[in-house]
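Data first, discussion second: the structure below is written as structure tokens.
Since this is a predicted model, take the numbers as computed values, not measurements.
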Amino acid sequence: DLDATGQKHDMGYQLAEELGRGREGVKETYMLIADLIAIRDALALNRSPSLWTHPAKDPAAAKMHVNRLVIIFQTYQTRVNYLKSIPLKREDITDLAAVNKMLDGLPDVAQFEKMQLQRVRQWRQQYEELQKRKSLAPTAAPR
């Protein structure tokens, strides 16, 4: 279950990279959102990793990793401060029309999370197809 949280987080970072191309501060904003979603998801896991939907093979190590993940991602305040420090080159954020223009076409948090989950599903589907092709591939005859 923790691996699924990590995979979803990784897909969020991929999306952040894509959404942020050519847009100052957008990548960092969505990376922050991915971090916050990962913290929420990690904290939502049962405190006993042996009771997860997919029980951890090493519950003590899994519990340690959940705690580390939460601590590491809680450095998000540093990222928030970074976002606040980005100088706006062309747009005035006090102008509502300019802010709306900057945000047009960008997903809100709920939409972003749906996009993350869609990426995870696509990855899993591609992985399953790859495994199926591997199992159907003829094996070399022993000599």
Side-chain angles (χ1 to χ4, degrees), residues 1-140:
D1 292 353
L2 184 58
D3 287 344
T5 297
Q7 184 182 33
K8 181 178 168 186
H9 178 260
D10 292 347
M11 297 302 176
Y13 267 39
Q14 281 183 2
L15 286 166
E17 290 279 342
E18 293 168 17
L19 292 168
R21 284 193 191 112
R23 294 176 167 163
E24 189 76 32
V26 171
K27 175 180 84 171
E28 293 81 2
T29 299
Y30 282 107
M31 289 172 82
L32 172 63
I33 291 169
D35 290 348
L36 294 173
I37 290 170
I39 291 169
R40 184 206 60 205
D41 290 353
L43 291 174
L45 293 172
N46 191 303
R47 293 215 180 262
S48 177
S50 59
L51 298 177
W52 290 349
T53 304
H54 304 94
K57 293 177 184 172
D58 184 347
K63 195 170 190 173
M64 178 191 67
H65 287 296
V66 168
N67 292 335
R68 283 184 178 176
L69 182 139
V70 171
I71 290 168
I72 290 168
F73 287 149
Q74 284 181 347
T75 61
Y76 68 89
Q77 188 59 49
T78 304
R79 290 192 181 155
V80 169
N81 291 337
Y82 168 73
L83 289 172
K84 289 178 183 176
S85 74
I86 295 173
L88 296 173
K89 297 175 184 167
R90 296 183 198 126
E91 304 292 346
D92 175 10
I93 61 169
T94 62
D95 177 12
L96 185 58
V99 171
N100 285 334
K101 180 182 166 193
M102 290 176 358
L103 298 177
D104 280 348
L106 293 176
D108 63 21
V109 174
Q111 293 166 329
F112 181 76
E113 186 170 12
K114 285 179 184 177
M115 292 166 71
Q116 283 179 292
L117 292 169
Q118 182 181 17
R119 284 277 171 103
V120 169
R121 282 191 297 275
Q122 288 171 344
W123 182 91
R124 288 181 182 162
Q125 183 180 19
Q126 290 171 351
Y127 181 77
E128 288 171 9
E129 289 170 4
L130 175 66
Q131 295 305 314
K132 188 176 182 178
R133 283 195 306 270
K134 282 183 178 179
S135 70
L136 297 174
T139 57

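- With rounding to the nearest 0.5 angstrom, the CG atom of Leu2 is 13.0 Å from the NE2 atom of His54.
- Within the 4.5 Å cutoff, no side-chain heavy atoms of Leu106 are placed close to those of Thr29.
- Look at Glu129 and Lys134 and you find no salt bridge, because none of the NZ, NE, NH1 or NH2 atoms lies under 4.0 Å from a carboxylate O.
- Below 30°, between 30° and 60°, or above 60°: for His9 and Tyr13 the angle between ring planes is between 30° and 60°, a tilted geometry.
- Separation of atoms CZ (Arg133) and CD (Gln131) is listed at 9.5 Å; rounding is to 0.5 Å.
- Between Ser50 and Pro55 the shortest heavy-atom distance is O-CB, 3.5 Å.
- Closest of all the heavy-atom pairs between Ala42 and Leu69 is CB-CD2, 3.5 Å.
- A salt bridge links Arg40 with Glu113: the closest approach of a Lys/Arg side-chain nitrogen to an acidic carboxylate oxygen falls below 4.0 angstrom.
- A donor-acceptor pair is defined here as one N or O able to donate and one able to accept, closer than 3.5 Å; no such pair exists between the side chain of Asn46 and the backbone of Trp52.
- The side-chain heavy atoms of Leu19 and Lys27, taken from C-beta on, include no pair separated by under 4.5 Å.
- Interatomic distance, CD1 of Ile37 versus CG of Leu32, reported as 10.0 Å (0.5 Å rounding).
- Of the possible donor and acceptor atoms, none in the side chain of Gln116 sits under 3.5 Å from a partner among the backbone N and O of Met11.
- Taken from CG in Leu45 to CG in Leu51, the straight-line distance is 11.5 Å, to the nearest 0.5 Å.
- Distance check: Ile71 CD1 to Ile39 CD1 gives 10.5 Å after rounding to the nearest 0.5 Å.
- Checking side-chain atoms of Glu17 against main-chain N and O of Gln14 turns up no donor-acceptor pair under 3.5 Å.
- Formation of a donor-acceptor pair under 3.5 Å by the Tyr30 side chain with backbone atoms of Glu18 is not found in this model.
- In this structure, Val120 and Lys8 approach most closely via the heavy-atom pair CG2-CA, 3.7 Å.
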